[in-house]
Amino acid sequence: MINRRTLLASAAAAAAVAQAKAFAQTSTPAWPPGPGARVEPVAETFFGQTVTDPYRWMENPEDPEWEPFMRANADHARAMLDAIPGRAALQARNSALTGAFDVVFRVTKKADKLFFAKRVAGTDSPALFVREAGVDRVLIDPNTMEQDGAHVSLDWWEPSPNGAHVAYGLSPAGSENSVLHILEVATGTVLPERIDRTQYAFPTWLPDGSGFFYNRLQGAALGTVEYYQDSKCWLHRIGQPAETDVVALARGQYPDIAAEPTDFPAIYCTGSSPYAVAILFGGVRRENPAWVTRLDDLLAGRPRWRQICAVEDEVVGIDLKGQNLFLLTTKDAENAQILRTRARRPSIADAQVIVEESEVVIDGMAAAEDGLYVLDMDGGYGRLRRCGYGRGATPEIIALPFEGAVSLAYYDSSEPGVLLNLTSWLEPSGVYAYDPATRTVANTGLAPRPPIDTSPYEAIRTYATARDGTEVPLSIIKRKDAPMDGSNPTLLEAYGAYQIVSAPAFWTRGFSFLEAGGILATAHVRGGGEYGKRWWRAGRKLTKPNTWRDMIDCAEHMVRAGFTNPAKLAINGGSAGGITVGRALTERPDLFCAVIPAVGVLNALRAEFSQNGPPNIEEFGTVTEEDGFRGLYEMDALHHVRDGQRYPAVLLTHGMTDPRVEPWHSGKMVARLRAADPSGGPFLLRVDFEAGHGLGSTRSQLDAEWADVFAFVLWRAGQAGYQPA
């Protein structure tokens, strides 16, 4: 539909792009302001405080000015970023770095087969491989697929226990809107079943491989608050049409299992136990209730569910082996402990403590044949222990080849040992095998080491003292010979939500920034999981200001220590990290030369009314409660932008198919910054119309995006070779 508003928006877009192109050819130090946005205020009063939203109209994707506004911003940002000398070279370097070697993303074993996702050197997306009798074969390759002109992503995959089939999800343009498929491994045949609405399928195969449990969304319209609500867990049998699938677990199905609309029901079973476990995953809630029944009773349609735990029992992990249930809980144990109870008659009250709480946080566990493997977390860095199943067994520390991040790649309760993913800031990710017989950890060689020379660089593990005296971990990567006179362009990243750890990781693209003279740093701010539940609780809801103030205090520490100075210091954060960098921007605009929120939550007061809002209320709060409103208002960067304040340059990035954080967060923020500080900035909004939240983006898309980010930072930091005209 074309009307007057559309024509006006299109005219504004054309004018903005023309200005940006002129900027690329002029020596004038000013820059075009970017596309304007209509102001249509909506005022609301919460608990005596009136809040006015000038851009509420952007939340309506059918508004005729919405897409033209975003396309105009995309064109404007593209012209501005392309005008930065050195930007094209950064993209070429990113591509050379990421395309030079194979990258393994996940590995699992089933029967005599090894399955793994691998992005082959030079390709854009990971493909699924199977290794059988020492021979590798491609099973699913999204690089050869296209839907409606957009790339396709392999969102998730799970092989059957006998290795005969793989259930997997495909979606276009980074949307994560998966359609479930089933592949016959021996022949490569894709079976006729197609099941849509399987973004969070959580497939769990039956022990005999005849079918699987999976979660499916109810089918509400995209963009509505009902979209993720009232999903159901179904049982699918191989070879049967999806229309004949049976509901295995749903809200209201069983009187003894009370579910909330935002719960995602899932069922877990394993060949080493006759039992099945039902879990209600409450959106982003870590503590989830669970029940157990015999699997044969469930399949016969007469389950006798017994409750394992309630939300208040604070169980954050469950594993099943034989007759035993292993429970990872933070109840009465801030750093967590591990309990064991019988599946036949589970009881938290009578459960045996088999791994006690210690000075470090227990972050995960895995029940293998030879013992229980325990993942520990200490300030963002991982450790691994093993505990035998015998009474009175003492966990033993497993020596790892280097300090960094540890995660479980594969384990099975009927097999000894585990496969591990190990990585660190300067150690590339690798798949390692722990052999309990020899007590050794060895690199499997499945993930080849990239041809990147890390010897000129060093990783520094240090701490910054926050304003309340808390020691906040700070990780810094720099050239060993970098001057400590404050002259280094620096990009400081932070997240700080959901008890997620900003763990050490080998960032291949980051070397192009390091090679350009930059420093990379990570602030392990409160709200994350670096010190477990206490660290998370100290950065959520009413304590959320600790999150962005920790980032500010880490930034000031780096300035005082001589790593950088405010004229060369940039910050970035994605998704919930948008709260962190958005509020750091509005609270300390003088401290940074550039701010980069990626797919960021910037209008927190409106988040719960979006598609992914209800599942996140547990983390951020709700405006229907006074404390919730106060907390959300403090988190809201949009409503803390002040007229007349001078702000540093801001580059917002967003994908238009984002199912997690709606693009209007970034649209509103860029419009508000331009209105508040018309002579500041520049304020750019980089929009990708074939991307979502980033999970389904291709290697080429990410190479280009990070070239834009690095070039923008180096420009604003005054680095030679990156100054337009």
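Note that the structure is a prediction, hence the values are computed from the model and not measured.
- When atom types are taken as modelled, the side chain of His181 and the backbone of Val179 share a donor-acceptor pair closer than 3.5 angstrom.
- Side-chain contact between Val650 and Val670: absent, with no pair of heavy atoms (C-beta onward) separated by less than 4.5 Å.
- Proximity of Leu81 to Phe712: side-chain heavy atoms (C-beta onward) are separated by under 4.5 Å at one or more points.
- Pro545 is not listed as a side-chain neighbour of Met635, based on a closest heavy-atom distance of 4.5 Å or more.
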Salt bridge (Lys or Arg N to Asp or Glu O under 4.0 Å) evaluation trace for Asp230 with Lys232 = CA-CA 6 Å; Asp230 283 321; Lys232 297 177 181 178; over 6 Å; no
Show the numbers, then the answer: is there a side-chain hydrogen bond (donor to acceptor under 3.5 Å, both in side chains) between His151 and Glu146?
-> CA-CA 5 Å; His151 73 277; Glu146 188 177 279; over 6 Å; no
Tell me, with the steps shown, if Met669 and Leu585 meet side chain to side chain contact (heavy atoms under 4.5 Å, CB included).
-> CA-CA 12 Å; Met669 189 66 174; Leu585 163 70; 4.0 Å; yes
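- The aromatic rings of Phe629 and Tyr633 sit tilted, their planes meeting at an angle between 30° and 60°.
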Give the C-alpha distance, both sets of side-chain angles, the deciding distance and a yes or no for side chain to side chain contact (heavy atoms under 4.5 Å, CB included) between Gln645 and Asp677.
-> CA-CA 6 Å; Gln645 171 66 53; Asp677 182 16; over 6 Å; no
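- A donor-acceptor pair under 3.5 Å links the side-chain atoms of Ser153 to the main chain of Gly696, judged by distance alone.
- Contact check on Glu40 versus Arg56 returns no salt bridge, with no Lys/Arg side-chain nitrogen under 4.0 Å from an Asp/Glu carboxylate oxygen.
- Panel note: side chain Arg216, backbone Gln199; no donor-acceptor pair is recorded below 3.5 Å.
- The residues Arg630 and Asp627 are annotated as not salt-bridged, no charged nitrogen and carboxylate oxygen being separated by less than 4.0 angstrom.
- Electrostatic pairing of Arg251 and Asp263 does not count as a salt bridge here, judged by no charged N lying under 4.0 Å from a carboxylate O.
- Counted by atom type alone, Asn177 and Ser171 present zero donor-acceptor pairs between their side chains at under 3.5 Å.
- No side-chain donor-acceptor contact under 3.5 Å links Gln229 to the backbone of Glu260.
- Asn94 contributes a side-chain N or O that, together with a main-chain N or O of Asp703, makes up a donor-acceptor pair within less than 3.5 Å.
- Between Phe281 and Phe202, the ring center distance clears the sub-6.0 Å criterion.
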Which is it for Asp245 and His236 under the side-chain hydrogen bond (donor to acceptor under 3.5 Å, both in side chains) test, yes or no, and what are the steps along the way?
-> CA-CA 5 Å; Asp245 289 356; His236 177 76; 2.8 Å; yes
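- Using a 3.5 Å distance cut-off with no hydrogens or angles, the side chains of Arg540 and Thr547 do not pair a donor with an acceptor.
- For Arg549 and Glu587, the salt-bridge test passes: some basic side-chain N is under 4.0 Å from an acidic carboxylate O.
- We find that Asp196 and Arg194 are not joined by a salt bridge, their nearest charged nitrogen and carboxylate oxygen being 4.0 Å or further apart.
- Between Trp507 and Trp706, the two ring planes are perpendicular [angle over 60°; tilted spans 30° to 60°].
- You'll find the side chain of Arg660 stays beyond 4.5 Å of the side chain of Val601, heavy atoms only.
- No donor-acceptor pair closer than 3.5 Å links the side chain of Asp53 to the backbone N or O of Val42.
- With hydrogens and angles left out, the side-chain atoms of His654 and Asp658 include a donor and acceptor closer than 3.5 Å.
- Residues Thr45 and Thr50 bring a donor and an acceptor atom of their side chains to less than 3.5 Å of each other.
- In this structure, Thr657 contributes its side chain and Ala691 its backbone to a donor-acceptor pair below 3.5 Å.
- Using a 4.0 Å cut-off between charged nitrogen and carboxylate oxygen, Glu662 and Arg606 do not count as a salt-bridge pair.
- A salt bridge does not link Asp75 with Arg71: every distance from a Lys NZ or Arg NE/NH1/NH2 to an Asp or Glu carboxylate oxygen is 4.0 Å or more.
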Chi angles and distances behind the ring pair (Phe, Tyr, Trp, His ring centres under 6.0 Å) call for Tyr647, Phe683 | CA-CA 9 Å; Tyr647 289 101; Phe683 307 119; 7.0 Å; no
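- Donor-acceptor pairing under 3.5 Å is recorded for the side chains of Arg583 and Thr586.
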Could you walk me through whether Leu249 and Leu280 pass the side chain to side chain contact (heavy atoms under 4.5 Å, CB included) check?
-> CA-CA 9 Å; Leu249 185 61; Leu280 298 177; 4.2 Å; yes
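- Arg285 has no carboxylate O lying under 4.0 Å from a charged side-chain N of Glu619, or vice versa, which leaves the two without a salt bridge.
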Show your working on salt bridge (Lys or Arg N to Asp or Glu O under 4.0 Å) between Lys668 and Glu59 and close with a plain yes or no.
-> CA-CA 9 Å; Lys668 288 184 181 185; Glu59 296 179 25; 2.6 Å; yes
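- No donor-acceptor pair under 3.5 Å is formed between the side chain of Thr198 and the backbone N or O of Ala201.
- Electrostatic pairing of Asp63 and Arg38 counts as a salt bridge here, judged by a charged N lying under 4.0 Å from a carboxylate O.
- For Arg119 (side chain) and Thr98 (main-chain N/O), a donor-acceptor pair under 3.5 Å exists by modelled atom type.
- Met70 has its side chain within reach of Leu685: a pair of non-hydrogen atoms, C-beta onward, lies under 4.5 Å apart.
- Side-chain atoms of His693 and Ser575 include a donor-acceptor pair closer than 3.5 Å.
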Before giving the answer on side chain to side chain contact (heavy atoms under 4.5 Å, CB included), spell out for Leu714 and Leu90 the whole-Å C-alpha distance, their side-chain angles and the decisive distance to 0.1 Å.
-> CA-CA 11 Å; Leu714 293 167; Leu90 283 170; 4.1 Å; yes
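- Looking at Asp148, its side chain never comes within 3.5 Å of a backbone N or O of Ala150 through a donor-acceptor pair.
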Given the rule in the side-chain hydrogen bond (donor to acceptor under 3.5 Å, both in side chains) test, do Ser666 and Arg686 qualify, once you have shown the distances and angles that lead to the verdict?
-> CA-CA 9 Å; Ser666 295; Arg686 181 192 188 277; over 6 Å; no
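- Side-chain contact check for Glu608 and Thr622: at least one donor-acceptor pair (N or O, by modelled atom type) lies under 3.5 Å.
- The shortest side-chain heavy-atom distance between Asn603 and Asp636 falls under the 4.5 Å cut-off.
- At least one test fails for Arg526 against the ring of Trp536: distance under 6.0 Å to the centre or angle within 45° of the axis.
- Judged by distance alone, the side chains of Asn616 and Tyr498 do bring a donor and an acceptor atom under 3.5 Å apart.
- A cation-pi geometry, defined here as NZ or CZ lying under 6.0 Å from the six-membered ring centre and within 45° of its normal, does not hold between Arg672 and Tyr55.
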